Amino acid sequence: MKYSTVYVGMDVHKETFSLCCYTNEKETAEYPQKVDAHYSKVINYLEAMRFHYGDDVLFICGYEAGCLGYSLYHELTAHNVKCVIMAPTTMVVPKGKKRVKTDKRDAALIARCLAHHDYSPVHVPTETDEKVKEYIRMRDDHKAALKKVKQQILAFCLRHGCTYDGTKNHWTQAHYIWLRSLKLSGLYAEVLEEYLIEYEYLVSKLERIDHRIEELAEADEYKENVHKLTCFMGIKTHTALSVIAETGDFKRFADAQHYASFLGLTPGEDSSGESQNRLSITKAGNAHLRTLLTEAAQSYTRGQIGYKSKLLAKRQEGNTPSVIAYADKANERLRRKYYRLTLKQGKKANVAKTALARELACFIWGMMTGNIA
């Protein structure tokens with residue numbers, strides 16, 4: 001039989017890859033094999049399969065997005081092997097059968113989805129975007145570590161009867177001076193000192209990293225778009241650069257709704273017949289960006305409609321009048337929407353913020369694709 005295309009499903013793990021072939025002519029997975037987790041083993045497997053399918057056959061490999069990131073994709077592509085990274089949540093899984101999960105079956109499922117196009121491919125970022133994305137996520141990991149240390153310090157003080165009675169919030173300059181002034185006995189003083197040393201180290205490190213992010217945002221490929229996105233309330237350099245690096249090409253989304261779906265901010269649905277049942281958001285997309293935009297939506301929950309702070313006006317300087325007008329329209333609309341949802345319709349605050357994050361994502365898509373009319 002003459003074969004033109006063979007689809008190779010790869011169930012990839014840290015130590016091993018499970019491989020198999022699938023053709024539309026036979027419609028069955030065959031030649032399963034488990035190999036060591038290295039791209040050269042995949043290439044050797046493909047060369048061996050030419051004995052069965054012919055020297056002129058085209059191999060298309062695919063694997064689920066996961067722990068390997070984009071490394072296997074880049075290694076195979078560099079050796080002229082066509083490869084696809086598949087979004088797991090979009091793959092069609094057979095229903096109605098008892099589920100038996102093995103690496104062999106998973107590889108066969110991947111190969112079948114690949115052949116039938118029952119999946120959505122994962123966007124592979126440029127090398128620059130990938131580096132910036134990893135740097136920003138590293139910064140967020142340190143931010144989470146700082147939050148944990150703050151909680152540990154407050155819990156330690158509470159356990160030992162040290163209650164801050166200042167008029168200002170925690171982690172202000174006054175609160176830090178109060179922490180330094182505490183007189184604890186013996187080993188307790190050493191414990192607090194170690195906590196504060198860790199706190200000071202992380203604060204200093206985050207300041208240095210944030211300064212580096214500001215420098216990265218000034219690169220030629222990011223500067224203009226970052227400047228545009230910071231016209232929105234709640235979006236500063238860190239969030240703007242994250243949105244650009246994580247998304248890549250905004251024009252790959254047909255419209256704003258598709259971009260909101262990419263972020264997992266669209267509501268789910270469980271409808272049957274005449275009944276329609278709306279669910280909570282799908283959370284099936286980029287969790288990192290979804291979190292950032294939800295945090296950005298907090299800025300619309302306070303203040304007067306139409307009011308523009310001096311800091312926001314300064315961030316908007318240098319942009320074209322059309323860009324500033326588009327951002328101002330979005331800022332006013334989102335703030336008005338929050339008050340309408342919470343005060344008139346009685347929606348919970350978190351539900352309203354999620355709705356704002358979804359609409360903010362749509363405005364961002366419009367800004368980045370030039371649809372600002």
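It should be emphasised that the depicted structure is a prediction, and the values quoted were computed from it without experimental measurement. Note that the numbering runs from 1 along the sequence shown for the chain.
Cation-pi geometry between Arg159 and Tyr188 is not met at under 6.0 angstrom from the ring centre and within 45 degrees of the axis.
Residue-environment remark: NZ (Lys143) stays at or below the threshold of 12 foreign heavy atoms within 6.0 Å. Enclosure of atom NE2 in His74 by more than 12 non-hydrogen atoms of other residues, nucleotides or ligands within 6.0 angstrom is indicated. Heavy atoms from other residues, nucleotides or ligands lying under 6.0 Å from CD of Gln151 number more than 12. Surrounding OH of Tyr326 are more than 12 heavy atoms belonging to other residues, nucleotides or ligands, all under 6.0 Å away. By the 6.0 Å contact criterion, NZ on Lys347 is open, its count of non-hydrogen atoms from other residues, nucleotides or ligands being 12 or less. Atom CD of Glu215 has more than 12 neighbouring heavy atoms from other residues, nucleotides or ligands inside a 6.0 Å radius.
One hydrophobic cluster, built from ILVMFWY side chains closer than 4.5 Å, holds both Ile305 and Tyr338. In the hydrophobic clustering of ILVMFWY residues, with side-chain heavy atoms under 4.5 Å counting as a link, Val8 and Val122 come out together. Leu343 and Leu356 fall within the same hydrophobic cluster, defined by Ile, Leu, Val, Met, Phe, Trp and Tyr side-chain heavy atoms under 4.5 Å apart, directly or through other members. Cluster annotation: Leu72 and Ile60 are assigned to distinct hydrophobic clusters (Ile/Leu/Val/Met/Phe/Trp/Tyr, side-chain heavy-atom contacts under 4.5 Å, transitive). A continuous path of hydrophobic side-chain contacts links Leu202 to Leu192 [ILVMFWY only; heavy atoms under 4.5 Å].
To the nearest 0.5 Å, the span separating NE2 on His175 from NZ on Lys150 amounts to 10.0 Å. One finds the OH atom of Tyr339 at 7.0 Å from the OG1 atom of Thr301 (value rounded to the nearest 0.5 Å). Summarising the geometry, atom NE2 belonging to His238 is positioned 6.0 Å from atom CG belonging to Leu292; distances are rounded to the nearest 0.5 Å. Within the model, atoms NZ of Lys205 and CG of Asp210 stand 12.5 Å from one another, a figure rounded to the nearest 0.5 Å. The CE atom of Met86 sits 7.0 Å away from atom CD of Glu64, with the distance rounded to the nearest 0.5 Å. Distance OG1/Thr369 to CZ/Phe253: 11.0 Å, rounded to 0.5 Å.
Between the side chains of Tyr39 and Ser71, not a single donor N or O lies within less than 3.5 Å of an accepting N or O. No side-chain N or O of Thr128 forms a donor-acceptor pair with one of Thr126 less than 3.5 Å apart. Of the N and O atoms on the side chains of His52 and Tyr31, at least one donor lies less than 3.5 Å from an acceptor on the other residue.
No salt bridge links Glu214 with Lys236; every basic N to acidic carboxylate O contact stays at or beyond 4.0 Å. Using a 4.0 Å cut-off between charged nitrogen and carboxylate oxygen, Arg137 and Glu134 do not count as a salt-bridge pair.
Here the shortest heavy-atom pairing between Thr230 and Arg315 reads O-NE, 2.9 Å. Across all non-hydrogen atoms, the minimal contact from Thr266 to Ser261 is CG2-OG, 3.4 Å. The shortest non-hydrogen separation linking Asp249 to His123 is N-NE2, 4.2 Å. Scanning all heavy atoms of the two residues, the minimum distance from Ala284 to Thr89 falls at O-OG1, 3.9 Å. The shortest non-hydrogen separation linking Glu332 to Arg336 is OE2-NH2, 2.7 Å. Minimum heavy-atom separation, Ile153 to Leu196: CD1-CD2, 4.0 Å.
The backbone N or O of Met233 lies less than 3.5 Å from a partner atom in the side chain of Asn331, making a donor-acceptor pair. In this structure, the side chain of Thr90 does not engage the main chain of Tyr119 through any donor-acceptor pair within 3.5 Å. Distance alone, capped at 3.5 Å, places no donor-acceptor pair between the Arg252 side chain and the Gly248 backbone. Not a single donor-acceptor pair under 3.5 Å links the side chain of Asp118 to the backbone N or O of Arg112. Of the possible donor and acceptor atoms, one in the side chain of His79 sits under 3.5 Å from a partner among the backbone N and O of Glu75.
Centroid-to-centroid, the aromatic rings of Tyr199 and Trp171 come within less than 6.0 Å. Taking the six-membered ring where the residue is Trp, the centroids of Trp365 and Phe250 are separated by 6.0 Å or more. Between His142 and Tyr201, a ring centre-to-centre spacing not shorter than 6.0 Å is recorded. Separation of the Phe17 and His13 ring centroids does not fall under the 6.0 Å cut-off.
Considering Leu68, Val42, Ile110, Val35 as possible partners of Met10, the one that fulfils the side-chain contact (heavy atoms from CB on, under 4.5 Å) test is Val42.
Side-chain contact between Asp129 and Glu221 is absent, with no heavy-atom pair separated by less than 4.5 Å. Two residues are said to be in side-chain contact when any heavy atoms from C-beta on lie closer than 4.5 Å; Val81 and Thr77 fail this criterion. Using a 4.5 Å heavy-atom threshold, the side chains of Val149 and Gln152 count as touching. Side-chain contact check for Tyr135 versus Ile209: some heavy-atom pair is nearer than 4.5 Å. Side chains of Tyr300 and Phe232 form a contact here, defined as non-hydrogen atoms less than 4.5 Å apart. With a 4.5 Å cut-off on side-chain heavy atoms, Phe262 and Gln257 do not count as touching. Side-chain atoms of Tyr222 and Val132, non-hydrogen and from C-beta on, do get closer than 4.5 Å to each other. Contact check for Cys231 versus Val323: side-chain heavy atoms found under the 4.5 Å cut-off.
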Could you go through the side-chain contact (heavy atoms from CB on, under 4.5 Å) check for Tyr70 and Ile85 one step at a time?
CA-CA 8 Å; Tyr70 308 102; Ile85 304 177; 3.6 Å; yes
Ile364 vs Ile235, test: side-chain contact (heavy atoms from CB on, under 4.5 Å). Steps then yes/no.
CA-CA 10 Å; Ile364 288 174; Ile235 297 183; 3.8 Å; yes
Between Val243 and Leu289, is the side-chain contact (heavy atoms from CB on, under 4.5 Å) condition met? List the steps.
CA-CA 6 Å; Val243 169; Leu289 290 186; 4.0 Å; yes
ring-ring contact (aromatic ring centres under 6.0 Å, His included), that's the test. Do Phe156 and His160 meet it? Break it down for me.
CA-CA 7 Å; Phe156 173 78; His160 298 284; 4.7 Å; yes
Tell me, with the steps shown, if Tyr259 and Thr247 meet side-chain contact (heavy atoms from CB on, under 4.5 Å).
CA-CA 9 Å; Tyr259 182 58; Thr247 303; 3.0 Å; yes
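Ring geometry for Tyr53 versus Phe59: interplanar angle over 60°, hence perpendicular rather than tilted (30 to 60°).
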